[in-house]
Protein chains: 2
Amino acid sequence: MRWEELDQQPCSLARTLSVVGDRWTLLVLRDCFLGVRRFDDFEARLGVTRHVLADRLKRLVEAGVLAKVPYQERPRREEYRFTEKGRDLYQAVMALVSWGDRYMAGAEGAPIRHRHKGCGQVMHGVLVCSECGEPLVPKEIELEEAPEWQGQLLPAHRHARSVEG
Amino acid sequence: MRWEELDQQPCSLARTLSVVGDRWTLLVLRDCFLGVRRFDDFEARLGVTRHVLADRLKRLVEAGVLAKVPYQERPRREEYRFTEKGRDLYQAVMALVSWGDRYMAGAEGAPIRHRHKGCGQVMHGVLVCSECGEPLVPKEIELEEAPEWQGQLLPAHRHARSVEG
DNA sequence: CCTTCGAGTTCCAAAAAAGAACTAACAAAT
DNA sequence: ATTTGTTAGTTCTTTTTTGGAACTCGAAGG
């Protein structure tokens with residue numbers, strides 16, 4: 001399977017990864033959330049080659065995650081800004097950051113702390129159920145295939161014991 | 001910057017991506033959450049080459065996300081199971097899935113629905129503040145660099161107006 | 001002895017990334 | 001008028017990573 005086929009898969013994770021499933025893309029989005037908007041600023045902060053950066057920005061624009069908006073004419077210059085679709089990736093990015101804070105930080109702790117203006121506390125992200133607000137754990141979620149995919153998406157559990165095993 | 005340098009970066013997202021920052025790795029984890037445990041089952045479901053699959057599984061084991069546990073001797077066979085560190089990636093994976101359900105699903109809707117056993121409802125993941133429980137939005141989060149990195153991690157905002165712009 | 005199973009490894013061709021230099025369209029300085 | 005600087009890329013060559021298919025190892029079964 002190649003990049004081009006990923007977004008055709010009947011799987012929301014695969015489809016999401018067809019947009020953000022590579023390390024540079026997610027680092028570009030991280031910098032967008034930090035307020036970076038311009039080509040040369042991305043390049044300087046990321047240490048990515050200009051070639052790859054140009055490609056990733058183009059893909060993100062095509063995917064509707066970022067938009068090029070002009071900030072001057074003569075010469076025309078454009079910067080990259082989030083669309084709503086892009087800004088909604090915040091939760092996914094924060095979930096990845098929270099995992100990294102917990103499992104990949106050295107002895108000194110996380111390099112960046114997040115303070116929630118609403119409550120004033122240093123916090124991390126917790127994923128909860130949209131309906132009842134309880135934190136999500138794998139074994140509490142039951143999966144239901146949409147009718148048109150019955151029996152095609154979930155594994156047959158030939159050997160598996162359980163999700164938590 | 002290459003894979004090998006990513007985990008040295010003072011950024012929890014970069015460090016997380018040094019483990020899961022590629023499309024195959026995250027699809028392997030998806031299947032793990034669905035109960036897949038064995039090499040040939042991953043290969044059949046993913047459509048990845050055995051070569052790359054072997055590499056990704058090895059990386060995940062080295063990172064402490066999966067563990068090889070024997071399920072028979074003579075001949076010895078091992079399967080891949082989550083560690084706690086790995087199982088805690090569930091929130092990040094679900095956040096990516098929720099975004100895909102919302103923005104990448106076709107007219108027929110998401111291929112898989114998630115029902116929360118606790119409340120019985122079809123749900124999606126919502127990332128909330130660990131301290132006050134409010135859903136996270138970018139502009140409500142204030143970033144604070146750890147003392148040893150003062151001024152080195154966050155951009156200078158030479159041109160940027162605001163995170164939401 | 002020959003085949004099957006499970007979990008890989010090996011080999012070659014094709015695609016993608018790294019790294020560095022170059023271009024276009026202008027503005028400002030010498 | 002020519003040189004220098006800025007921004008956002010493109011082009012070129014070398015190295016690395018994938019894709020695709022075949023092959024190996026250790027054992028069990030017929």
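All figures in this text were calculated on a predicted structure; none of them were measured in a lab. Chain letters run A, B, ... following the sequence lines, proteins first and then strands; every chain starts at 1.
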Separation of atom [atom1] in [X] from atom [atom2] in [N], rounded to whole Å:
| X | N | atom1 | atom2 | value |
| --- | --- | --- | --- | --- |
| A/Glu43 | D/dT6 | CD | C1' | 14 Å |
| B/Leu6 | D/dT16 | CG | C1' | 15 Å |
| A/Asp55 | C/dA17 | CG | C1' | 10 Å |
| B/Arg59 | D/dT18 | CZ | P | 7 Å |
| A/Leu53 | C/dA17 | CG | C1' | 13 Å |
| B/Leu27 | D/dT18 | CG | P | 14 Å |
| A/Arg76 | D/dA8 | CZ | P | 12 Å |
| A/His51 | D/dT16 | NE2 | C1' | 14 Å |

Quick check: closest heavy atoms across B/Leu26 and A/Leu13, and the distance to 0.1 Å?
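So the minimum-distance heavy-atom pair works out to O-CD2, 3.5 Å.
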Residue [X], side-chain heavy atoms: nucleotide from [options] that is nearest:
| X | options | result |
| --- | --- | --- |
| B/Arg74 | D/dG19, D/dA28, C/dA18 | D/dA28 |
| A/Lys68 | D/dT6, D/dG9, C/dA18 | D/dG9 |
| A/Asp40 | D/dA8, D/dA27, C/dA17 | D/dA8 |
| B/Val52 | D/dT18, D/dT10, C/dA25 | D/dT18 |

Using a heavy-atom cut-off of 4.0 Å across all strands, would you classify A/Glu78 as base, sugar-phosphate, or nothing?
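It contacts sugar-phosphate atoms only.
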With a 4.0 Å cut-off on heavy atoms, is A/Phe42 in touch with a base, just the backbone sugar-phosphate, or nothing at all?
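The answer is nothing, as A/Phe42 stays clear of every strand by at least 4.0 Å.
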Would you please say whether a donor-acceptor pair under 3.5 Å links the side chains of A/Asp101 and A/Ser98?
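Their side chains do not contain a donor-acceptor pair, so the 3.5 Å distance test is not met.
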I want to check one thing: is the phosphate of [N], taken as OP1 and OP2, less than 4.0 Å away from some side-chain N or O of [X]?
| X | N | answer |
| --- | --- | --- |
| A/Tyr80 | D/dT7 | no |
| A/Lys58 | D/dT10 | no |
| A/Arg50 | C/dA21 | no |
| B/Tyr71 | C/dA7 | yes |
| B/Arg56 | D/dT18 | yes |

Report the residue (A/Asp22 or A/Pro75) whose heavy-atom-nearest nucleotide on DNA chain C is the more 5′ of the two.
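Counting from the 5' end, the first nearest nucleotide belongs to A/Asp22.
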Point-to-point distance, once rounded to the nearest 0.5 Å, from CD of B/Gln9 to CG of A/Leu27:
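So the gap between those two atoms works out to 8.0 Å.
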Would you confirm whether B/Ser130, through its side chain, and A/Val126, through its main-chain N or O, come within 3.5 Å as a donor-acceptor pair?
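Judged by distance alone, no pair lies under 3.5 Å.
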Counting N and O atoms only, with roles assigned by atom type, does the side chain of B/Gln91 sit under 3.5 Å from a partner on the main chain of A/Ala95, one being a donor and the other an acceptor?
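It does not hold such a pair.
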